[in-house]
Participant: 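Can you keep this structure in mind? I'll have questions shortly.
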Amino acid sequence: MRALVLTILLAPMGAPGTAPDLVVEPPGIRLAIVAHGEVPVDDLSLAELRKIFLGDRQFWEGDLRVVVLVPPTGSSERALLLGKVYEKTESQYRHYWIAKVFREEAQSAPKRVVSMRVAADLVRQIPGAISVADSSKVPPGVKVLRIDGKSAADEGYPLR
Amino acid sequence: MQMKVLRVLAAVAAPLTFVLAAVTGRAAEVPPAETPAAGMVEETTYPSLDLLGFADAGYSATDADSAASNSGFFQGQFVLHFTSQLSSRIAFFGEVSVTSGGSAYGDHGEAQPTGANADLHRSILKYTHSDNLKLSIGRFHTPIGYWNVAFHHGPWLQTSIARPRALDFANPFLPLHFIGAFAEGAIPSKGANLGYLVGIGNGRGGGPGRPDAPADINNHRAWVGRLSAKPDWVRGLQVGGSWYEDKVQTYYGPTRAEFREGIGAAYAALTREKPELIAEYLQVRHRRIGREDRFVSRAWYVQAAWRVSSKVKPYARWEDVRLDAGDHLMPGAANGRGWLAGVRLDASDFVALKGEYQRREKDAGPFRNAVFGQAAFTF
């Protein structure tokens with residue numbers, strides 16, 4: 001018991017920027033952040049992006065609400081999104097949103113799209129929408145946001 | 001949650017029938033030129049009701065020497081949580097519980113309840129103006145400290161079986177519910193991610209001896225304020241503090257007296273799984289108005305957990321409640337030190353099996369031992 005207590009108390013806290021150990025190793029793609037053309041930003045910090053996908057920021061500007069669309073279960077895009085942005089496993093992701101709705105901090109979890117093609121269509125159509133795409137398959141008609149000043153092709157892009 | 005997922009899955013069975021329900025209300029406001037392709041997005045309809053439930057049951061055994069401390073199975077809470085979007089900016093939150101009489105996980109596992117109480121715990125109408133301002137009115141979990149808001153009637157949400165003693169449902173140490181109005185939101189602060197909350201409402205209806213606040217006992221409203229931060233540089237960390245104040249009237253011996261009640265709280269919670277750390281300090285002050293009588297009671301706990309695999313998370317908690325011996329205003333409040341240790345096994349994404357050992361003292365009496373098993377789930 002004493003060893004367990006010491007293990008818990010002395011365990012490393014995890015440095016900022018590192019994902020929890022349980023996160024599945026993301027696949028070898030780069031994740032582009034795509035948004036509706038009216039979204040009034042071109043560049044987001046990774047921290048700001050996390051706030052958006054975690055539901056802590058719910059408005060872009062004025063009346064324009066953030067509409068988060070997450071990729072379908074089992075897709076490479078979803079795995080990378082969970083690993084790099086949410087830093088959670090599927091289980092932790094579900095637990096997080098149940099708790100957030102329970103605490104009245106959100107109305108619901110983000111809508112999950114049935115395919116990446118549908119995600120692209122919805123991002124084009126819905127003002128305020130934001131989602132993700134494989135950077136090599138960015139659909140036409142959407143705005144691609146830079147993250148920490150970098151685009152997906154740049155060295156040091158964080159979502160890879 | 002499952003109902004919602006099923007509904008969404010059904011709706012998106014074919015891409016052209018994808019339903020985007022109740023996200024923002026903007027879909028219905030999209031100008032005609034930008035109207036999505038037919039069948040792509042369905043107009044949001046209000047109200048859009050979602051239902052989420054929590055329940056638990058378990059087994060307890062203790063060496064406490066009392067008539068109510070036989071070992072046996074117990075039925076915990078059965079809680080229904082309602083969320084309904086009423087317009088693009090207005091939403092309703094409700095919570096109803098059916099809970100076995102007494103505290104299922106109270107001191108020394110004494111609960112072998114046979115009855116059940118149905119209660120409305122939350123009924124909140126919330127208007128969201130922006131990230132910086134949200135207004136709400138109704139009945140709330142009192143935003144004192146961390147645990148009372150983060151977990152409350154969601155036993156599946158919390159790692160341990162037992163709540164901290166100061167926050168036990170049967171303990172009048174804190175006013176656990178609050179009827180009133182709140183303003184809350186984010187404070188522009190870049191990476192510190194500060195948040196505020198201020199509220200005014202009824203105090204404890206029956207004075208400080210009551211954990212609940214069905215109606216104020218006088219014409220002096222209670223108020224509560226909270227500041228919190230979720231700094232970017234330590235992800236998963238929340239720190240905050242709150243202050244609650246009220247003027248209460250109650251019997252003090254044979255006479256009726258007025259007291260000023262102040263409750264301070266400070267907390268830090270690291271909600272990563274490796275580790276999970278929650279620490280909270282609570283202080284309840286009672287000062288008799290016009291006299292020198294002052295009483296200060298304190299409580300704290302520290303809980304630590306570490307997920308060793310996707311299924312298994314051991315945990316431990318140390319806690320202490322120190323009531324001011326001269327304070328007659330909290331009859332029946334728990335008093336004493338204790339610790340507990342347990343293991344949470346996540347049998348599925350929505351079912352947790354927990355086993356817990358507790359060792360606690362009560363009112364300076366001998367330490368008592370108790371073991372609990374619990375199946376907690378959300379549905």
Side-chain angles (χ1 to χ4, degrees), chain A residues 1 4-5 7-9 11-14 16-17 20-22 45-48 50-51 56-59 62-69 72 87-92 94-99 101-104 106-115 117-118 121-122 124-129, chain B residues 1 4-5 8 12-13 15 18 20-27 30 34-37 40-41 50 52 81 83 85 88 91 93 122 124 126 128 130-131 136 149-150 152 154 156-157 186 191 193 230 232-236 270 272-275 304-307 310 314 316 341 346 349-350 378:
Chain A
M1 183 62 208
L4 172 65
V5 170
T7 301
I8 292 171
L9 290 179
M13 303 284 282
D21 298 346
L22 295 175
S45 68
L46 185 56
E48 199 64 32
R50 285 199 174 99
K51 268 188 270 185
D56 290 337
R57 176 178 170 184
Q58 299 175 356
F59 288 84
D63 287 344
L64 188 57
R65 275 194 104 131
V66 172
V67 181
V68 175
L69 302 167
E87 297 187 316
K88 298 183 190 306
T89 64
E90 283 284 355
S91 280
Q92 291 164 359
R94 293 189 186 106
H95 191 117
Y96 173 83
W97 281 104
I98 290 172
V101 171
F102 176 84
R103 294 193 302 264
E104 310 144 34
Q107 280 297 307
S108 65
K111 298 302 173 189
R112 183 178 57 184
V113 296
V114 69
S115 72
R117 185 173 178 176
V118 171
D121 287 340
L122 290 172
R124 272 192 296 267
Q125 305 286 353
I126 302 173
Chain B
M1 183 68 178
K4 195 159 55 175
V5 169
V8 171
V12 301
F18 179 86
L20 185 67
V23 177
T24 65
R26 298 282 301 185
V30 175
E34 296 179 14
T35 300
M40 200 64 183
V41 177
D50 288 317
L52 181 68
H81 185 262
T83 306
Q85 193 77 36
S88 62
F93 296 87
R122 281 188 289 177
I124 300 164
K126 179 175 278 190
T128 300
S130 65
D131 288 324
S136 48
V149 176
H152 211 97
W156 173 81
L157 294 170
N193 299 318
K230 294 182 184 177
D232 285 342
W233 48 89
V234 187
R235 280 198 297 281
L270 187 67
R272 302 167 72 113
E273 294 282 84
K274 291 178 147 185
W306 183 274
R307 185 170 287 284
S310 61
D346 287 290
D349 283 354
F350 307 112
T378 182

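The analysis underlying the following values was restricted to heavy atoms, covering all of them including side chains, and did not include hydrogens, waters or symmetry mates. As the structure is a prediction and not an experimental result, all values here were calculated from the model. Chain letters run A, B, ... following the sequence lines, proteins first and then strands; every chain starts at 1.
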Participant: Considering non-hydrogen atoms only, spot the tightest contact between W156(B) and H95(A) and give its length.
Facilitator: CH2-ND1, 3.4 Å

Participant: Contact part of A106(A) toward chain B, heavy-atom cut-off under 4.5 Å: side chain, backbone, both or neither?
Facilitator: backbone

Participant: So which residue, R103(A), E48(A), E90(A), R124(A), ends up with the most heavy-atom pairs under 4.5 Å with chain B?
Facilitator: R103(A)

Participant: Nearest 0.5 angstrom please: R50(A) CZ to R235(B) CZ, how far?
Facilitator: 3.5 Å

Participant: Quick one: CZ on R65(A) to CG on D131(B), what's the gap to the nearest 0.5 Å?
Facilitator: 8.5 Å

Participant: Any chance you could measure F102(A), atom CZ, to L52(B), atom CG, to the nearest 0.5 Å?
Facilitator: 8.5 Å

Participant: Considering the options T83(B), T128(B), D50(B), which one meets the side chain to side chain contact (heavy atoms under 4.5 Å, CB included) requirement together with Q107(A)?
Facilitator: T83(B)

Participant: In Å, rounded to the nearest 0.5 Å, how long is the span from OG of S310(B) to CD of Q92(A)?
Facilitator: 9.0 Å

Participant: First locate atom CD1 of I98(A), then atom CG of D349(B), and finally report the distance between them rounded to the nearest 0.5 Å.
Facilitator: 8.5 Å

Participant: With sequence neighbours left out, what residues match D346(B) under side-chain hydrogen bond (donor to acceptor under 3.5 Å, both in side chains)?
Facilitator: R307(B), R344(B)

Participant: Mind checking side chain to side chain contact (heavy atoms under 4.5 Å, CB included) for A186(B) and listing every partner two or more places apart, or none if nothing turns up?
Facilitator: N132(B)

Participant: Any chance you could measure R122(B), atom CZ, to E104(A), atom CD, to the nearest 0.5 Å?
Facilitator: 4.5 Å

Participant: Of the non-hydrogen atoms in V101(A) and H81(B), which two are nearest, and what is the gap between them?
Facilitator: O-CE1, 3.5 Å

Participant: So for S136(B), is it side chain, backbone, both, or neither that comes closer than 4.5 Å to the heavy atoms of chain A?
Facilitator: neither

